[in-house]
Amino acid sequence: MIKRIKKLKKIRLHREGTDTLVYGFIAIAAIALLLWRFLDNKAPFWCFTAVIGTVYCIVINFFRCPIRYFPQEDTDKIVVAPADGRVVVIEEVDEDTYFHERRIMVSIFMSLFNVHANWFPVDGKVKLVAHHNGNFHKAWLPKASEENEHADVIITTPEGTDILCRQIAGAVARRIVTYAKEGEECYIDEHLGFIKFGSRVDVYLPLGTEICVKMGQATTGDQTVIAKLK
């Protein structure tokens, strides 16, 4: 019981959800009040409250933002999961936008029920931040990485290795928020950004990197070690 209370104390709501939750609550309360006051039959009120109340609780769950710290002091050459979700891709690909070479791509798909805050996968310095407009295919499809709207963040590690982290919009997720700023130092434990609703994050790593996750494995942002750089 004590452990559960301590865990709940580490849960907070992300600032990206403030407007949605506040305005949504006002709208729901107003409609519920109208149904209660102007309809003699209370069935519509109770149906509305039950259905919309459930949806609202799901949205609250979506915007939760647990306070997390990487459990190890030594983060040298460590790559952590930038998001909660499940590993849907581990493969070598041709990265021709920035690196023009083969890279190992690790993709994490976030469902509607995952935390949608994104963390920096490595310590380093932000080299580039770029937003690209595009389509809104289902995020788990292979073509989503290139064709969907996405935001790219390239981080140079202290050893001089460039890592690309790509936030990808999905069929439902249509707003990508990126906090990373070019030229700034960044660290594991810091938020890279946020994606509203189901979406995906790709990390492009150099060939020879030791991959520490498997296909289908569940990941926890800022906690799960997905790779170790050489």
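Heavy-atom basis, side chains included; hydrogens, waters and symmetry copies ignored.
- For the ring pair (Phe, Tyr, Trp, His ring centres under 6.0 Å) condition, the pairs that include at least one residue of residues 39-58, sequence neighbours left out, are Trp36-Phe45.
- Summarising the geometry of Asn114 relative to Gly85, their closest heavy-atom pair is OD1-CA, 3.6 Å, with the distance given to 0.1 Å.
- In summary, Asp202 and Arg103 do not engage in a salt bridge, as defined by a charged side-chain N under 4.0 Å from a carboxylate O.
- Side-chain polar atoms of Thr156 and Asp162 form a donor-acceptor pair below 3.5 angstrom.
- Formation of a donor-acceptor pair under 3.5 Å by the Thr178 side chain with backbone atoms of Ala180 is not found in this model.
- Shown here is Phe25, whose CZ atom has no more than 12 heavy atoms of other residues, nucleotides or ligands within 6.0 Å.
- In this structure, CZ in Phe120 is found 10.5 Å from NE2 in His191, a value given to the nearest 0.5 Å.
- Counting heavy atoms from C-beta outward, Ile155 and Cys186 have side chains that approach closer than 4.5 Å.
- When every heavy atom of His116 is checked against every heavy atom of Ser199, the shortest pair comes out as CD2-OG, 3.6 Å.
- Of all heavy-atom pairs spanning Lys214 and Ile90, the tightest one is C-CD1, 3.8 Å.
- Counting heavy atoms from C-beta outward, His131 and Glu149 have side chains that approach closer than 4.5 Å.
- One hydrophobic cluster, built from ILVMFWY side chains closer than 4.5 Å, cannot hold both Ile163 and Leu128; they sit in different ones.
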### Query
Do Val201 and Ile195 pass the side-chain contact (heavy atoms from CB on, under 4.5 Å) test, and can you show the C-alpha distance, the side-chain angles, and the key distance before you say yes or no?
CA-CA 9 Å; Val201 180; Ile195 312 178; 4.2 Å; yes
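- Contact between Ala83 and Met110 at its shortest, heavy atoms only, is CB-SD, 3.6 Å.
- For the pair Gly124 and Glu185, the tightest heavy-atom approach, listed with the atom from each and the gap, is O-OE1, 3.3 Å.
- In this structure, the side chains of Glu95 and Arg166 come closer than 4.5 Å at one or more pairs of heavy atoms.
- Under the 4.5 Å side-chain criterion, counting only non-hydrogen atoms from C-beta, Leu205 is in contact with Ile211.
- Residues Val203 and Trp119 do not share a hydrophobic cluster, clusters being chains of Ile/Leu/Val/Met/Phe/Trp/Tyr side chains in contact below 4.5 Å.
- Checked by atom type and distance alone, the side chain of Asp123 pairs as donor or acceptor with a backbone atom of Ile188 at under 3.5 Å.
- The structure places CG of Asp94 at 11.5 Å from NE2 of His100, a figure rounded to the nearest 0.5 Å.
- Looking at Pro121 and Ile226, their side chains never come closer than 4.5 Å, going by heavy atoms from C-beta outward.
- Looking at Asp189 and Arg68, no side-chain N of the basic residue comes within less than 4.0 Å of a carboxylate O on the acidic one, giving no salt bridge.
- A chain of hydrophobic side-chain contacts below 4.5 Å, direct or via other Ile, Leu, Val, Met, Phe, Trp or Tyr residues, connects Val87 to Val122.
- Considering only heavy atoms from C-beta on, Asp76 comes within 4.5 Å of Glu159 through its side chain.
- Between the side chain of Gln167 and the backbone N or O of Val177 there is at least one donor-acceptor pair closer than 3.5 Å.
- Clustering ILVMFWY residues whenever any of their side-chain heavy atoms sit less than 4.5 angstrom apart, transitively, puts Val79 in a cluster other than the one holding Phe109.
- In Lys228, the NZ atom is not crowded: 12 or fewer heavy atoms of neighbouring residues, nucleotides or ligands sit closer than 6.0 Å.
- When hydrophobic clusters are built by joining Ile, Leu, Val, Met, Phe, Trp and Tyr residues whose side-chain heavy atoms come closer than 4.5 Å, directly or via intermediates, Leu34 is not grouped with Val51.
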